[in-house]
Amino acid sequence: MAHQTQVRVRMAPSPTGPIHVGNLHTALFNWLFARSQDGVFILRFEDTDQERSKPEWEEVIYNEMRWLGLDWDEGPDIGGPYGPYRQMERLDIYERYAKRLLESGHAYYCYCTPEELDAERAEARKKGVGYLYSRRCLHLSEQQRAAFESEGRRPTIRFRVPDGEIVSFEDIIRGEIKTSTDDMSDPIIVRSNGIPTYNFAVAVDDIEMRITHIIRGEGHISNTPQQILIYQALGVEPPIIAHVGHILGADRTKLSKRHGDSFVGDYRDKGFLPDALLNFMALLGWSPPDGSEEISRERMIKEFTLERVSKAPSIFDLKKLEWLNGYYIRSMSIDELTQACIPFLQRAGHLPDDLSGVDMERLKEIVALSQERIKVLSEINDMSDFFFGPPKYDPKSVKKTLTSQGRQVLMTLEKELADTPWEPDALEAAVRGVADRLAIKAKDAFQPLRVAITGSLVSPPLVESMKILGRETCLERIRQGIALCESKS
RNA sequence: GCCACCAUCGUCUAGAGGCCUAGGACGCCGCCCUUUCAAGGCGGUGGCGCGGGUUCGAAUCCCGCUGGUGGUACCA
């Protein structure tokens, strides 16, 4: 077998906030590709936007990546052979590359002010043509430059886009994409403060870090020709490129903060499981050959190929995520699920912070009764609240069941259950017996009892819940239920 | 405005010229199971944006249109 160079891909977020669902999508595809190819997954922070980048976000991003189980092989925290992995620590590298471009005539200094540039843009807009920088700084003499400098103007560096050429690249997902350089304005690659702009820094980093495949969102398609031109000017073969479709909100626009719940952390806090979230995200724009929906991390890695990634954008469908999450919850062992629910129960005040006094066996029984009833972990709270304190009587449920007939049922049950063996089967038989004796349907006996015990018409299985609650508590709640009947009538 | 990308059920998708009377999944609806709600089982609803080509044959290829999205920054 021929030796192939090792696949190297990267996730390059800017530390300007937590991980967004869109970031996760492309990060996942990069990670899956790396893992499927025995490649290297690199984490790099693109922090050249000094205004918005904050070091605090880095820690948040690490934590979320760890929560998701997306591990990286090189990064700012663990280093690697091509570091540093934070762009602001690589300024000398960009400077070197910029110098090369300047010397080879592929770049030039530009002294235009933002105001002057705005005017040019306004002019182009007025004429209804695409904006192209006027290039009035392309051929500045030493004297002209000195004059600008003495005015106190600090230059940017622009890349000189060649005239009359077609830039073309083969996108693995989309096929050939061509752009005419005549439609491209000379981009600023280094700001007047010496910090490189995105398109330049990315190209330099991807070269320096030996990136073999760029997998990113389709929003970057329009940046690609610029970057290809930079590669060409530097005499470097560009990596293989793949643009994945965006993820859209229900309004069909690119998912963003505006849509709410667009951060990974939002889903973590609601009780979505990382495996479910990853499974769901993988299915947005990709599907395994056999069409399976529930697919483990291992299988995703095994079956992932860029060839199967679709180019169309996709809408984030919360309902499907919830279904998948429910599937994963149902697949967990009771021990695992209980552990996963504990933080949510604590946050709701159902469990103390210090778990040493908690009856874990009882807790597991409670969780087990809710397992196939919850779609997200946080739902454990509403589903099982009556185990942790007095029931919250739902007015509608009370009105419907705690009627005069309900009162009769509960009063009979109070006596009956006083000495029924406290086991689910016996309890069920007892309730049915009462229904028979009263000549009513079993349902009409169970429902008032359910409301008295749990507070609601909707609850986990009743007799199993009563078993956990114990006789005294249940009898007390039945009396409470009777009282509610009386206060009504 | 200009440039680019995209286009199969409501949603995620399968589909790489005949296997398509377009398959699966989520959702929705109905039935079964059942002490509630779920879960599970069974069934149903529902789609190739439009118009031209190419071809014996098009969801699949080409062109146009329409629609959507993205970019158009000394943001990334």
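Convention: sequence-line order gives letters A, B, ...; per-chain numbering from 1.
- For E46(A), the side-chain atoms get nearest to rA76(B) when compared with the rest of rC5(B), rU36(B), rA76(B).
- Separation of the C1' atoms belonging to rC12(B) and rA7(B) is 15 Å when rounded to the nearest angstrom.
- Mapped onto RNA chain B by nearest heavy atom, N193(A) and W286(A) fall at different nucleotides, with W286(A) at the one closer to the 5' end.
- By the side chain to side chain donor-acceptor pair (under 3.5 Å) test, D261(A) is found to be paired with K270(A), residues two or more places apart in sequence or in another chain being considered.
- When each of rG40(B), rC5(B), rC12(B) is scored by its nearest atom to the side-chain atoms of R330(A), the top-ranked nucleotide is rG40(B).
- Side-chain proximity of S192(A) to the nucleotides rA38(B), rU69(B), rC74(B) is greatest for rC74(B).
- Across all strands shown, P313(A) has heavy atoms under 4.0 Å from sugar-phosphate atoms exclusively, and none from any base.
- By the 4.5 Å heavy-atom criterion applied to side chains, F45(A) and W57(A) are not counted as neighbours.
- rA16(B) and rU72(B) have their P atoms separated by 38 Å, given to the nearest Å.
- Among the heavy atoms of the strands lying under 4.0 Å from S459(A) is at least one base atom, whether or not backbone atoms are also near.
- Residue pairs satisfying the salt bridge (Lys or Arg N to Asp or Glu O under 4.0 Å) criterion with at least one member in residues 179-203 of chain A, sequence neighbours excluded, are listed as follows: R135(A)-D186(A).
- The pair R86(A)-E58(A) counts as a salt bridge, with a side-chain nitrogen and a carboxylate oxygen less than 4.0 angstrom apart.
- Taking only distance into account, the side chain of S222(A) never meets the base of rC3(B) through a donor-acceptor pair shorter than 3.5 Å.
- Closest to the V458(A) side chain, of the nucleotides rG70(B), rU36(B), rC75(B), is rU36(B).
- Nucleic acid contact for L284(A): sugar-phosphate only, since backbone atoms but no base atoms lie under 4.0 Å from a heavy atom of the residue.
- Both distances falling under 3.5 Å, in either a Watson-Crick or a G-U wobble arrangement, place rC2(B) opposite rG71(B).
- Evaluation of atom-type donor-acceptor distances gives a pair under 3.5 Å for the side chain of R373(A) against the base of rC37(B).
- At the heavy-atom level, P461(A) lies under 4.0 Å from base atoms of the strands shown.
- Using a 4.0 Å heavy-atom distance criterion, S370(A) is classed as making no nucleic acid contact.
- Side-chain to base pairing of N223(A) with rA76(B): one donor and one acceptor N or O lie within less than 3.5 Å of each other.
- Taking atom C1' in both rC63(B) and rA58(B), one finds a spacing of 15 Å when rounded to whole Å.
- The phosphate of rA76(B) (OP1 or OP2) has no side-chain N or O of R216(A) nearer than 4.0 angstrom.
- Across all strands shown, rU66(B) is found opposite rA7(B) as a Watson-Crick or G-U wobble partner, with both distances under 3.5 Å.
- Side-chain contact between R90(A) and M209(A) is present, with heavy atoms from C-beta onward closer than 4.5 Å.
- For S287(A), a side-chain nitrogen or oxygen approaches OP1 or OP2 of rA14(B) to under 4.0 Å.
- For the pair K54(A) and E56(A), the salt-bridge criterion is not met [side-chain N within less than 4.0 Å of a carboxylate O].
- The same atom, P, is picked in rC61(B) and in rA25(B); the two are 26 Å apart, to the nearest Å.
- No engagement by A442(A) is indicated, since no non-hydrogen atom pair under 4.0 Å with the nucleic acid exists.
- For Y133(A) and F159(A), the distance between ring centers is not under 6.0 angstrom.
- Backbone-only contact: G285(A) has heavy atoms under 4.0 Å from sugar-phosphate atoms and none from a base.
- Between the CD atom of E379(A) and the C1' atom of rC37(B) there is a distance of 12 Å, given to the nearest Å.
- Separating the C1' atom of rC62(B) from that of rC31(B) is a span of 49 Å, rounded to the nearest Å.
- Contact check, R252(A) against rU11(B): a side-chain N or O comes under 4.0 Å of OP1 or OP2.
- For Y198(A), the listed nucleotide lying nearest its side chain is rA76(B); candidates were rU35(B), rA76(B), rA39(B).
- For the pair Q87(A) (side chain) and I195(A) (backbone), a donor-acceptor distance under 3.5 Å is absent.
- Among the nucleotides rA76(B), rU13(B), rC5(B), the one closest to any side-chain atom of E218(A) is rC5(B).
- Using atom C1' as the reference point in both rC28(B) and rU11(B), the two lie 12 Å apart (nearest Å).
- A ring-centre distance under 6.0 Å is found for F316(A) and F280(A).
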Please list, for nucleotides 23-27 of chain B, all pairs of protein and nucleotide N/O atoms separated by less than 3.5 Å.
{"unit_1": "rG24(B)", "atom_1": "N2", "unit_2": "E293(A)", "atom_2": "OE2", "d": "3.2"}
{"unit_1": "rA25(B)", "atom_1": "O4'", "unit_2": "E293(A)", "atom_2": "OE2", "d": "3.2"}
{"unit_1": "rC26(B)", "atom_1": "O2'", "unit_2": "K320(A)", "atom_2": "N", "d": "3.3"}

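- Within 4.0 Å (heavy atoms only), V463(A) reaches at least one base atom of the nucleic acid.
- Between R373(A) and P461(A), some side-chain heavy-atom pair lies under the 4.5 Å cut-off.
- The side chain of R191(A) contributes an N or O atom lying less than 4.0 Å from OP1 or OP2 of rA76(B).
- Distances shown here put a side-chain N or O of T48(A) below 4.0 Å from the OP1 or OP2 atom of rA76(B).
- Ranking rA4(B), rC6(B), rU36(B) by closeness to the I221(A) side chain, first place goes to rA4(B).
- rU36(B) makes up no base pair with any nucleotide shown, lacking Watson-Crick or G-U wobble contacts both under 3.5 Å.
- A gap of 15 Å separates the P atoms of rC6(B) and rU13(B), to the nearest Å.
- The R52(A) side chain lies nearest to rA76(B) when the options are rA76(B), rU13(B), rC74(B).
- Among the heavy atoms of the strands lying under 4.0 Å from E428(A) is at least one base atom, whether or not backbone atoms are also near.
- Taking the P atoms as reference points, rC65(B) lies 37 Å from rG24(B), given to the whole Å.
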